[in-house]
Amino acid sequence: MRVDHGHLRALAAVVREGSFERAAAALSVTPSAVSQRIKALEDRTGRLLVQRTVPARATPDGQVLVQLAEQTALLEHEALHRLGVADEDMAPASIPVAVNHDSLETWFVDAAVRFSQASRATLDLQSEDQDHTAALLRNGAVLGAVTTLAEPVQGCRIHALGSMRYVATCSPAFHAAHFAQGVNARTLAQAPVIVFNRKDGLQARFARRIMGKAAWQPPIWWVPSTRAFVHATLGGLGWTMNPLPLVQEDLDAGRMVPLRQRAAEDVPLYWQHWRVNSQAMEALTDSVLAAARALVRRR
C-alpha cells in the first residue's frame, strides 16, 4: 500500500498545529482541503488517524504516520537541496523539538545558535515539562526531545546530557519569616510554595524528603514562567526549586538564600531523537551535546 505525501503532510500539520484550521493556514490551503486529505488517508489505511478534539490529536495509528511524515519531509528537503533542484521559494526545513522549560531558559538557545551555523534548517521548539517531553516524541509531534526519560523511546537514539541542578531557595526575609525555627515538617506545611504547573513535581519531591509521610498541603502560588519564578522568589511570594544557572548571581549577592544545607537536587537530562539518516539531525545532536556541557557533569 502506498500513501500520498500530501496527505501525510496534512496529517502532520493537523497534529502539529492542533486544529484543521491552523493546519490549513500553515499549508496555504482551505480547511476543507485538509479535511478531505485526512479522510482520504483514513479511508486508505482503514484506521482512525486523528481525534477531532481541541486540540486535535493523533490516534496511536496516526502517530505512526505522523512520525513517517516528519521524517520524510526532512529527508526530502535535504535530498532536493543536495541535488540542487529545490525550488527557490521552498521553505527551509523545520525540525520539531520538545525542550523542557528550564533548559530553554538556560542552555538550549546556545544549542540552537550552534545548529544555525551548521545547517539551513530551523527548529520548531515546543516547551514542555521535562518529565513530559518524551510523550511528544512518542506521539510523533516532535523528532527530538530533551527529557528526563533514561530509557530510549522505541525507534529513538538516546544521549546522556548531564544534569540540571535545582536549589530550594527563597528570599532572606521569607526565610526569616517562615524558617527561623528550621526547615521541618511543621514549617514546610505552612510556608507558601511557588509551583510552575500541575505537572511540576520538584517542590513536592524536595518536601517529601523532609516530611516523610506527613501531610503537605501548603499555600501554593501557581507561576507558569521560569523567569517569573525567579522574580516571585525574590519578591518573597514563597520558596521554590529554582534552576541554579538562573539564580547563581542572586545567591552570590545574598538576594536569595537556600532553604537549608544540601538543598540542591540534580535532575538528569537526556537527548532523544528519532533514528533518521539526516545531516540536519546529526548537526542538531552535535549542537545539543556541545551546549549541554554547561550542565552538571556526571562523576
Side-chain angles (χ1 to χ4, degrees), residues 63 67 70-71 74 94-119 121-168 196-197 199-206 208-209 226 229 240-248 262-299:
Q63 291 169 9
Q67 294 163 11
E70 295 287 10
Q71 294 180 34
L74 179 60
S94 187
I95 304 176
V97 174
V99 184
N100 62 304
H101 311 294
D102 295 331
S103 289
L104 193 58
E105 291 284 357
T106 53
W107 63 274
F108 195 86
V109 170
D110 182 46
V113 171
R114 291 171 183 267
F115 177 65
S116 72
Q117 297 167 352
S119 173
T122 61
L123 300 182
D124 178 359
L125 296 178
Q126 302 180 34
S127 184
E128 179 58 280
D129 185 86
Q130 64 253 19
D131 294 335
H132 297 267
T133 52
L136 296 175
L137 198 60
R138 286 195 191 94
N139 68 25
V142 298
L143 293 182
V146 176
T147 176
T148 56
L149 185 66
E151 297 78 31
V153 172
Q154 185 175 4
C156 290
R157 292 191 176 95
I158 185 169
H159 307 265
L161 297 177
S163 297
M164 176 71 77
R165 177 161 292 173
Y166 292 84
V167 183
F196 192 94
N197 58 26
K199 299 176 182 178
D200 179 9
L202 275 175
Q203 289 71 220
R205 287 201 292 271
F206 175 82
R208 290 297 171 207
R209 282 164 38 192
T226 299
F229 247 48
T240 194
M241 302 294 293
N242 274 306
L244 183 59
L246 285 183
V247 299
Q248 185 68 69
R262 293 192 295 273
E265 180 170 343
D266 292 342
V267 177
L269 296 176
Y270 302 86
W271 168 245
Q272 295 207 38
H273 63 88
W274 285 99
R275 295 177 182 271
V276 52
N277 187 21
S278 158
Q279 291 181 343
M281 184 59 76
E282 290 177 3
L284 177 56
T285 296
D286 290 342
S287 300
V288 169
L289 294 178
R293 294 184 187 127
L295 295 171
V296 175
R297 310 314 299 173
R298 293 185 172 183
R299 296 180 180 178

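All values below come from the heavy atoms of this structure, side chains included, with hydrogens, waters and symmetry mates left out.
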Could you state the interatomic distance from [atom1] ([X]) to [atom2] ([Y]), rounded to the nearest 0.5 Å?
X: Arg275; Y: Arg157; atom1: CZ; atom2: CZ; answer: 5.0 Å
X: Glu128; Y: Asn197; atom1: CD; atom2: CG; answer: 7.5 Å
X: Leu289; Y: His159; atom1: CG; atom2: NE2; answer: 6.0 Å
X: Ile158; Y: Glu151; atom1: CD1; atom2: CD; answer: 7.5 Å
X: His101; Y: Phe229; atom1: NE2; atom2: CZ; answer: 9.5 Å
X: Leu143; Y: Ser278; atom1: CG; atom2: OG; answer: 8.5 Å

Specify the closest pair of heavy atoms between [X] and [Y], including all atoms of both residues, with the distance to one decimal.
X: Ser163; Y: Leu295; result: O-CB, 3.5 Å
X: Asp200; Y: Asp129; result: CA-OD1, 4.1 Å
X: Arg165; Y: Pro245; result: O-CD, 4.2 Å
X: Gln67; Y: Leu137; result: NE2-O, 4.2 Å
X: Pro152; Y: Gln272; result: CA-OE1, 3.2 Å
X: Ala121; Y: Ala280; result: CB-CB, 4.4 Å

- Kindly determine whether Leu284 and His273 satisfy side chain to side chain contact (heavy atoms under 4.5 Å, CB included), including the steps that lead there. CA-CA 10 Å; Leu284 177 56; His273 63 88; over 6 Å; no
- Query: Can you check side chain to side chain contact (heavy atoms under 4.5 Å, CB included) on Leu244 and Met164, steps first, answer last?
  - Reply: CA-CA 8 Å; Leu244 183 59; Met164 176 71 77; over 6 Å; no
Just wondering, do [Y] and [X] contact through their side chains at under 4.5 Å, heavy atoms?
X: Val288; Y: Phe115; answer: no
X: Val142; Y: Val97; answer: no
X: Thr122; Y: Ile95; answer: no
X: Leu246; Y: Thr106; answer: yes
X: Val267; Y: Leu202; answer: yes

- On the 0 to 90° scale, with breaks at 30° and 60°, tag the Phe108-Trp271 ring pair as parallel, tilted or perpendicular. tilted
- Message: Checking Asp110 now: which residues fulfil salt bridge (Lys or Arg N to Asp or Glu O under 4.0 Å) with it, not counting sequence neighbours?
- Response: Arg114
- Message: Between Thr240 and Gln203, is there a side-chain donor-acceptor contact under 3.5 Å, judged purely by atom types and distance?
- Response: yes
- Taking it one step at a time, do Arg209 and Glu265 satisfy side chain to side chain contact (heavy atoms under 4.5 Å, CB included)? CA-CA 11 Å; Arg209 282 164 38 192; Glu265 180 170 343; 3.5 Å; yes
